[in-house]
Amino acid sequence: MTKNNNKLLIFLAAICLPVFIVISPDWLKINGITPCWPVILLLPFSLKSTPVKAAIASIVLGVFIDSFTISDVSYIPSLFLLSLVWSQYGLHNKKIELFLNIGLMAIFGTAFVGLSIWFQKIIIYSVLRNNWFHSWSIYILISEVIITGLVAPFFSSWLLLAYRKK
Amino acid sequence: MMKARGKVGFHLLLKSRFWVIFLFGALLFGIRWTKGAGYLDFYSVLLKPILPGTAQREWIKEGENIERSIRLKLLEDDNNRLRKALSLKQFNSEQRISAAVLSRSSRNWWQLLEINKGAEDGVLKGQTVIGPGGLIGLIDSTTPLTSRVRLLTDPGHQVGAWIDRTKRHGILTGMGTNRPKLIFLNKNTLAKIGDAVTTSPASTLLPPNLTIGIVQFVDEKALPSPYAIVQLTASPEAIDWVQILKNND
């Protein structure tokens with residue numbers, strides 16, 4: 001049983017999700033926006049790990065995800081903070097496997113990551129400060145939150161159950 | 001007696017070649033008078049079924065196209081020679097690398113394309129990427145086998161551009177939408193809706209005269225500088241193949 005869980009973890013975490021990040025299949029998009037894969041991957045691990053382990057995982061994941069992006073904007077700060085919050089939440093709440101609970105946490109996490117990227121972009125690119133209303137950011141943020149909220153309960157729940165059984 | 005003489009005279013007139021000569025003369029006169037119109041009309045009616053018609057129009061057009069492409073080639077060569085003399089960036093249509101799009105993220109936080117040609121094929125950072133319709137972006141990074149293209153629409157991405165009609169320069173800035181913003185360097189832009197935006201012929205970074213898009217909106221009174229919203233002519237969301245323009249230098 002443990003072997004099977006390990007295989008599932010390896011398949012989802014090491015093969016399936018990175019493939020989705022690289023290929024970004026059209027059938028997993030809303031308005032051309034893909035789910036926030038780092039949140040989906042980090043959420044179950046943070047809930048079942050100590051804050052230190054979760055923080056290290058967030059940095060590793062952030063470095064990995066940053067390699068698929070351009071410019072100096074990074075996922076690491078937001079993922080780091082999220083991992084600490086989620087690991088604390090996981091330590092104090094035992095009924096975290098609830099299906100909707102995971103989806104809600106993923107939605108808030110995605111919104112936080114999106115806002116972090118948006119603010120970083122505003123700080124880095126002075127031209128974006130000319131106009132403070134960025135329709136593209138709101139569009140991406142809402143679409144990403146929706147698609148991640150739909151996908152996370154499935155992927156993150158599987159991963160969380162696999163971690164727990166392991 | 002008189003009647004008989006008349007009959008004889010008329011008979012002789014009919015019998016003689018007078019009428020033949022008369023008709024021949026009239027015919028000649030008619031031909032001369034109409035400048036051979038009858039002949040020509042008859043000839044055209046005869047030839048009508050075998051005239052080339054539309055096919056000939058196509059031959060003529062094909063000939064014109066060939067002539068234009070030869071002239072274009074000669075002008076491009078001439079233009080390149082002059083640009084070389086002025087140490088400006090050259091546009092060489094022969095030095096192109098075709099690449100397929102591996103993955104696209106044209107609407108996300110980062111607007112980019114992954115293509116299947118990399119450093120081993122001679123792709124370098126900063127090279128220009130064009131697609132059907134014109135310029136779509138620049139090479140941001142390369143691996144041995146793939147390259148990442150940063151699209152013109154990526155928020156904060158800036159390239160130099162100008163409007164050929166008014167000869168006014170500006171900076172085309174990606175705003176995350178399909179319509180980047182052309183921020184002008186001068187106050188009096190003279191830009192109008194429908195103006196074509198191209199790369200500047202004086203650019204030392206980008207090849208000259210590449211089509212970028214069409215002006216859709218102009219705000220002359222904007223501060224700190226006037227701007228125009230540009231609709232791109234190339235759509236990265238629908239492009240499967242791109243071409244990378246290699247540097248000549």
Side-chain angles (χ1 to χ4, degrees), chain A residues 18-26 28-39 65-75 78 110-111 113-145 147-148, chain B residues 101-116 125-126 129 137-143 145-159 170-185 219 222-227 229 235-238 240:
Chain A
V19 164
F20 281 150
I21 292 166
V22 174
I23 298 172
S24 61
D26 286 335
L28 261 176
K29 284 180 180 174
I30 279 186
N31 295 330
I33 311 290
T34 52
C36 189
W37 294 113
V39 166
I65 298 293
D66 279 350
S67 62
F68 292 100
T69 65
I70 47 179
S71 77
D72 303 319
V73 178
S74 174
Y75 273 101
S78 53
T110 306
V113 170
L115 285 170
S116 149
I117 293 167
W118 186 4
F119 288 134
Q120 286 181 69
K121 286 211 168 213
I122 288 170
I123 291 165
I124 290 172
Y125 303 117
S126 59
V127 70
L128 297 178
R129 291 198 287 270
N130 291 338
N131 179 8
W132 287 97
F133 180 75
H134 299 133
S135 58
W136 57 275
S137 300
I138 296 160
Y139 172 85
I140 295 169
L141 202 63
I142 292 170
S143 302
E144 201 174 40
V145 161
I147 186 69
T148 310
Chain B
V101 176
L102 291 176
S103 116
R104 80 185 78 226
S105 168
S106 55
R107 281 190 170 186
N108 229 320
W109 292 111
W110 292 271
Q111 304 198 345
L112 50 93
L113 297 178
E114 302 282 355
I115 55 173
N116 73 338
K125 187 182 174 180
V129 182
L138 301 178
I139 299 288
D140 184 73
S141 60
T142 58
T143 67
L145 299 175
T146 66
S147 302
R148 185 167 294 154
V149 182
R150 192 178 183 191
L151 299 175
L152 293 176
T153 52
D154 188 54
H157 192 198
Q158 295 185 310
V159 294
I171 297 166
L172 190 83
T173 307
M175 300 304 291
T177 60
N178 279 342
R179 296 171 183 179
K181 190 189 263 188
L182 180 65
I183 302 167
F184 291 102
L185 302 177
D219 190 349
L223 290 171
S225 49
Y227 71 87
I229 301 295
S235 173
E237 286 168 26
D240 290 327

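Note on naming: letters A, B, ... go to the chains in the order of the sequence lines (proteins, then strands), and numbering restarts at 1 for each one.
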How would you list, in number order, the residues of residues 149-158 of chain B that have a heavy atom less than 4.5 Å from chain A?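 The residues closer than 4.5 Å to chain A, in numerical order, are R150(B), D154(B), P155(B), G156(B), Q158(B).
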
Can you name the side-chain contact (heavy atoms from CB on, under 4.5 Å) partners of S74(A), sequence neighbours left out?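 Listed in chain order: D66(A), I76(A), P77(A), Q120(A).
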
Is chain A contacted by the side chain of I183(B), its backbone, both, or neither, given a heavy-atom distance below 4.5 Å?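 Side chain of I183(B) only, per the 4.5 Å heavy-atom cut-off to chain A.
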
Sort I124(A) into side chain, backbone, both or neither according to what part of it lies under 4.5 angstrom from a heavy atom of chain B.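 Neither; nothing under 4.5 Å.
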
Using 0.5 Å steps for rounding, measure from the CD atom of E144(A) to the CH2 atom of W109(B).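 One gets 6.5 Å once the value is rounded to the nearest 0.5 Å.
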
Just how far is it from atom CE of M175(B) to atom OG of S137(A), taken to the nearest 0.5 Å?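 If we round to the nearest 0.5 Å, M175(B):CE and S137(A):OG are 9.0 Å apart.
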
Closest approach of N108(B) and I140(A), non-hydrogen atoms and distance?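 For N108(B) and I140(A), the tightest heavy-atom pair comes out as O-CD1, 3.4 Å.
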
By ring pair (Phe, Tyr, Trp, His ring centres under 6.0 Å), which residues pair with W110(B), not counting sequence neighbours?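 W110(B) satisfies ring pair (Phe, Tyr, Trp, His ring centres under 6.0 Å) with Y75(A) only.
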
Non-neighbouring partners of R104(B) that pass salt bridge (charged side-chain N to carboxylate O under 4.0 Å, His left out), sequence neighbours left out: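 With neighbours one apart ignored, the set is D240(B).
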
